[in-house]
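This report concerns only the one structure given below.
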Amino acid sequence: MPTTFRGTSMTSITSKKTVSGPADDIVAAVENVLGAAREDFVPLHAPLFRGREKDYVLDCIETGWVSSVGAYVDRFEKDLADYLGVKRAVAVVNGTAALHLCLIVCGVKSGDEVLCPALTFVATANAISYTEAVPHFCDVSDKNMGLCPEKLAAHLEHIAEIRDGVCINKQTGRVIRAVVPMHCYGHPVDMDSLCRVAAQYHIAVIEDAAESLGSLYNGKHTGHMGRCAAISFNGNKIITTGGGGAVVTNDEALADMVKHLSTTAKVSKDGFFMHDRVGYNYRMPNINAALGCAQLEALPEYIAAKRKLAQRYADAFADMDGVSLFHEEAHTQSNYWLCAIRFEDPARMAAALDALNAAGLMSRPLWELMHTLPMYGDCPRADVSVAQDMAQRILALPSSVCLV
Ligand SMILES: *Cc1c(COP(=O)(O)O)cnc(C)c1O
């Protein structure tokens with residue numbers, strides 16, 4: 001087991017708890033799903049390497065092609081694009097860098113505003129800040145934990161207007177340039193409605209698909225319903241390249257620009273190189289892409305395993321009052337990156353969180369909401385009452401592929 005999971009901030013992890021407590025039923029249900037053979041500590045999400053990872057990584061080492069160019073980078077980009085049915089994929093160092101590049105190529109500039117959910121991992125808001133734009137936090141839907149198009153439309157109706165073809169926030173005077181929906185735990189956002197609202201307000205849609213590789217919305221993969229999308233291959237995601245990310249898009253010119261910016265904006269000159277703008281060193285190294293090629297081969301199997309695990313959790317909680325699996329919506333197929341349960345009673349969630357972790361079953365609430373973080377407290381925001389409510393009711397459960 002990787003040491004990163006042993007070194008978590010959890011202080012209360014011990015072996016099995018024996019005294020009876022208020023959340024014993026929850027612990028028992030999870031133990032029932034995982035089976036008697038579980039280890040003393042079950043992490044939230046561990047990576048799994050049982051395919052050709054070693055062969056491909058060894059190939060990099062033996063040939064010397066470990067760094068920022070190499071055949072595995074090209075192959076990983078092609079395999080990823082083919083898998084998603086998207087024209088182009090550009091592999092980069094992590095998902096945050098992928099988001100940063102998406103924002104730049106969609107024209108987000110210093111002083112703009114970018115809409116994103118209050119309920120997300122901090123990378124979404126951080127990437128917006130890297131462009132010197134201001135995150136503007138919006139509410140989520142309780143059906144999928146992702147940005148709510150209806151609430152967004154109502155908010156924009158109130159605060160925004162179109163001037164000279166761009167959307168202006170009347171309260172701050174700033175341009176609202178883009179919106180970044182995030183497919184939380186793999187559950188797709190209602191993209192048709194969201195794209196309609198964005199089009200009406202001339203706002204670019206950039207998907208934060210970091211968690212949703214392989215999830216479907218009306219039969220289409222997440223990641224190509226906006227202008228471009230960011231995917232993460234961090235160690236805790238459904239597949240991993242160690243650290244890594246990708247920008248995916250159907251727009252060839254946008255993909256070319258992402259590639260250019262990720263490789264220090266390098267152009268040939270007299271047989272050597274020059275650089276035609278401030279670029280970034282964001283390319284994914286070949287050795288990471290090698291890992292990624294092997295992981296992509298396993299992805300369909302991993303998704304099937306996750307969906308099976310979600311079904312087991314759903315069954316385990318089916319007869320329990322006041323708690324249920326957070327389920328995919330009818331027109332979607334979630335990759336169930338993290339299986340989550342929803343509680344009617346926030347106090348019961350808090351008790352379950354303590355009890356699960358005390359029993360060595362790693363569990364985690366949703367993130368601290370973005371507007372409550374010190375650096376984002378002054379950012380503009382809509383009513384985010386649903387996000388606030390959900391943050392007190394949802395727990396992620398151990399979701400590793402190896403648990404199936
Ligand atoms: C993981 C994640 C990212 C960032 O990915 P890194 O590869 O860790 O930089 C961005 N957004 C969301 C929602 C994520 O879960």
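Every number for a ligand or one of its atoms is a count from 1 in the order of the listing. Excluded from the calculations below are hydrogen atoms, water molecules and symmetry mates; all remaining heavy atoms, backbone and side chain alike, are included. Just so it is clear, the structure is predicted and the values come from calculations on it, not from any experiment. If you read the sequence from its start, that first residue is 1, and numbering goes on from there.
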Less than 3.5 Å apart, any donor N or O on the side chain of Q333 or E328 sitting next to an acceptor on the other? no
Between the side chains of S385 and D383, is a donor N or O closer than 3.5 angstrom to an acceptor N or O? yes
Atom 1 (C) of ligand 1 has as its nearest protein heavy atom K237 NZ, 1.6 Å
Examine [X] against ligand 1 and note whether any of their N/O atoms are separated by less than 3.5 Å.
{"X": "W337", "answer": "no"}
{"X": "F121", "answer": "no"}
{"X": "W367", "answer": "no"}
{"X": "E211", "answer": "yes"}

So, does A127 sit close enough to ligand 1 that a heavy atom of it is under 4.0 Å from the ligand? no
Distance filter under 4.0 Å to N94 heavy atoms, resulting ligand 1 atoms: 7 (O), 9 (O)
Can you list the atoms of ligand 1 that are under 4.0 Å from a heavy atom of T96? 4 (C), 5 (O), 6 (P), 9 (O)
According to the interplanar angle, ranging from 0 to 90°, do the rings of W337 and H45 count as parallel (below 30°), tilted (30 to 60°) or perpendicular (above 60°)? tilted
Classify the ring geometry between H331 and Y217 as parallel (under 30°), tilted (30 to 60°) or perpendicular (over 60°). perpendicular
Measure from atom 3 (C) of ligand 1 to every heavy atom in G245, S212, G235, A210 and give the option owning the shortest one. A210
Could you check R381, H371, R174, H155 and say which one makes a side-chain hydrogen bond (donor to acceptor under 3.5 Å, both in side chains) with H136? H155
Could you tell me whether Y56 and Y72 have their ring centroids closer than 6.0 angstrom? yes
